[in-house]
Number of protein chains: 2
Amino acid sequence: MAKVKVPKLPTVRRLPTYLYKLSEMRKAGVEIVATPELARYMNLGEIVIRKDLALTGVSGQPGVGYKVRELIDAIKRYLNWNNVSEAVLVGAGALGSALMGYEGFEEYGLRIIAAFDADPMKIGTEVRGRSVFDIDRLEELTRRLQVRMGIICVPADQAQDIADRMVAGGIKAIWNFANVSLKVPDDVIVQREVIAGGLAVLSVKMSRKLVEEDAQD
Amino acid sequence: MAKVKVPKLPTVRRLPTYLYKLSEMRKAGVEIVATPELARYMNLGEIVIRKDLALTGVSGQPGVGYKVRELIDAIKRYLNWNNVSEAVLVGAGALGSALMGYEGFEEYGLRIIAAFDADPMKIGTEVRGRSVFDIDRLEELTRRLQVRMGIICVPADQAQDIADRMVAGGIKAIWNFANVSLKVPDDVIVQREVIAGGLAVLSVKMSRKLVEEDAQD
DNA sequence: CTTAAATCGATAAAAAAATATCGATAATAA
DNA sequence: TTATTATCGATATTTTTTTATCGATTTAAG
């Protein structure tokens, strides 16, 4: 199968932020929202906002704006966040625990139902309400539970091995927080989260600003 | 001051991954690396690799490859990761603790020296070796410690307030893990990390694949 | 009813990023 | 030495993303 191409990547990344804002508005009883307000909130241009919202398929009303409720539904539908996806998480360390502790995921259609770790001190314990199983049972349990999504929170040098086991257990989508690019069969999707990448961008912005300031004097 | 523009954003985001691989190679005693090997490791095309490395200013030798050590130095220099930046972190919850527990940051020139929180249960305790101070002391301590970088790990609805206090305390660079776009003066840089954004991309890839599979039958 | 202000969305232009082409350089083997 | 293979990096092309322009629709005020 061909690689899965997602067009409008930046837009998709922004959708959760719209969703948060729109949910807050709905809670506050607001029914209509116009582009300029969202643009101010997002610190983006109005055109960007309209393009982003257009991707989800909603139409606004000229001179008026968009219906908040309609937007929320459209975004959730586009992301398929109406249906809950169950996932297993491997690596119950600091980051893994943090992800399990994040309640917002339920809102995003993600439910982490079990964790795995190699550390005997962790196996058998509970982290944020989920049991931590022996990593050696990953394949077996994943298959039995029919889970199709896996989250990798182990150090980089162990990530490929975990990915292989996940694939063996029938996992079709991997959310990878390790600092490596994983090799998986064509029918498995990987989304990588490179936290250090954000720090790299920040670092470059900082040094850029320094030289710009120098240049201005 | 004008907004800081960083060209080649995708390249910068990839640099930490090169850095990890190259460091491993150096540890293993490897002195020379050629594009094809890195391309396999990164799951990218060879041209991408050469463009990425060119950004840091290094020159490879045709027919041979690049010097591992030279590449490491060049990447670190480009990211300014040779010099340590001290940072304060606000929000000693699950994610905040995870970031403080990540030892790799030292390698990236980042040292988190103190944490802040509003929870009386946390104030006065230590998390991963750093004291947790009362959030009300953020401005004072930041100023006294001369810290220029702040990391925000609080819920979205509190993030702007924290950012304002950071700016008041003299912070010039903010790494923001909250799901909001912050408003700050022009001389302050913000880098936002939207974890949910990655999940959104993964979700779209998954539903895309489903429809593609449907179409193939 | 007419006019003005606000807003959407289609189309077009500009900028950035990904991808391809190809000549030049260096190591290795004949 | 010469031919072959491996590799780099400059240039060009294509694709994607961002930004701009402008007509059409709606509300509200005169």
Side-chain angles (χ1 to χ4, degrees), chain A residues 2-15 17-18 22 25 30-68 70-71 74-75 181 192 194 197 200-201 204-205 208, chain B residues 2-15 17-18 22 25 30-68 70-71 74-75 181 192 194 197 200-201 204-205 208:
Chain A
K3 216 173 272 184
V4 181
K5 292 241 181 185
V6 177
K8 310 286 181 183
L9 244 292
T11 295
V12 174
R13 287 193 162 278
R14 282 191 288 267
L15 291 181
T17 307
Y18 290 108
L22 293 166
M25 294 182 83
V30 181
E31 293 184 349
I32 302 287
V33 63
T35 303
E37 182 179 356
L38 288 175
R40 273 192 305 277
Y41 177 79
M42 301 286 287
N43 288 322
L44 294 170
E46 298 189 5
I47 303 134
V48 179
I49 310 291
R50 292 203 190 98
K51 287 263 157 99
D52 284 354
L53 301 184
L55 184 67
T56 69
V58 291
S59 288
Q61 206 169 8
V64 184
Y66 300 85
K67 290 182 186 165
V68 173
E70 215 172 86
L71 275 180
I75 293 174
S181 186
R192 193 159 156 223
V194 191
V201 174
V204 172
K205 281 183 185 168
R208 283 258 158 170
Chain B
K3 214 173 271 185
V4 181
K5 293 242 179 181
V6 178
K8 310 285 182 183
L9 243 291
T11 294
V12 174
R13 288 192 163 278
R14 281 191 288 266
L15 291 182
T17 307
Y18 289 108
L22 293 166
M25 294 181 84
V30 181
E31 293 184 350
I32 301 286
V33 63
T35 303
E37 183 178 357
L38 289 175
R40 274 192 305 276
Y41 177 78
M42 302 285 289
N43 287 322
L44 293 170
E46 299 189 5
I47 303 133
V48 180
I49 309 290
R50 291 202 191 98
K51 286 263 158 95
D52 285 353
L53 300 183
L55 184 68
T56 68
V58 291
S59 288
Q61 207 168 9
V64 184
Y66 300 86
K67 290 182 185 166
V68 172
E70 216 172 85
L71 275 180
I75 293 175
S181 185
R192 192 157 156 226
V194 192
V201 174
V204 172
K205 280 182 187 169
R208 284 257 158 172

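In the text below, chain A, chain B and the rest are named by the order of the sequence lines, each starting its count at 1. What you are looking at is a predicted structure, and each value in this text was computed from that prediction instead of being measured.
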**Message:** Run the salt bridge (Lys or Arg N to Asp or Glu O under 4.0 Å) test against B/R192 and tell me which residues pass, sequence neighbours left out.
**Reply:**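 Applying salt bridge (Lys or Arg N to Asp or Glu O under 4.0 Å) to B/R192 gives none.
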
**Asked** Can you name the residues that form a side-chain contact (heavy atoms from CB on, under 4.5 Å) with B/E46, not counting sequence neighbours?
**Response**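 Testing B/E46 for side-chain contact (heavy atoms from CB on, under 4.5 Å), a comparison that skips the adjacent residues, returns B/T35, B/P36, B/A39, B/R50.
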
**Asked** How would you list, by chain and number, every residue that makes a side-chain contact (heavy atoms from CB on, under 4.5 Å) with B/K51, sequence neighbours excluded?
**Response**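 B/K51 satisfies side-chain contact (heavy atoms from CB on, under 4.5 Å) with B/I47 only.
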
Gap between atoms [atom1] and [atom2], on [X] and [N] respectively (whole Å):
{"X": "A/E37", "N": "C/dC8", "atom1": "CD", "atom2": "P", "answer": "11 Å"}
{"X": "B/K8", "N": "D/dT18", "atom1": "NZ", "atom2": "C1'", "answer": "16 Å"}
{"X": "A/L44", "N": "D/dT19", "atom1": "CG", "atom2": "C1'", "answer": "12 Å"}
{"X": "B/L9", "N": "D/dT17", "atom1": "CG", "atom2": "C1'", "answer": "12 Å"}
{"X": "B/R13", "N": "C/dA16", "atom1": "CZ", "atom2": "C1'", "answer": "16 Å"}
{"X": "A/I32", "N": "C/dA6", "atom1": "CD1", "atom2": "P", "answer": "18 Å"}
{"X": "A/I49", "N": "C/dA6", "atom1": "CD1", "atom2": "C1'", "answer": "17 Å"}

**Message:** Using the side-chain hydrogen bond (donor to acceptor under 3.5 Å, both in side chains) criterion, which residues pair with A/Y41? Sequence neighbours excluded.
**Reply:**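 Testing A/Y41 for side-chain hydrogen bond (donor to acceptor under 3.5 Å, both in side chains), a comparison that skips the adjacent residues, returns none.
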
**Asked** Quick one: side-chain hydrogen bond (donor to acceptor under 3.5 Å, both in side chains) partners of B/T56, sequence neighbours excluded?
**Response**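 B/T56 satisfies side-chain hydrogen bond (donor to acceptor under 3.5 Å, both in side chains) with no other residue.
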
**Request:** Could you run through nucleotides 1-11 of chain D and give me one letter per nucleotide, 5' to 3': B if any protein heavy atom sits under 4.0 Å from the base, S if only the sugar-phosphate is that close, - if neither?
**Result:** -----BBBB-B

**Prompt:** Looking at CG of A/L15 and CG of A/D52, how far apart are the two atoms once the value is rounded to the nearest 0.5 Å?
**Reply:**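 With rounding to 0.5 Å, CG (A/L15) is 6.5 Å from CG (A/D52).
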
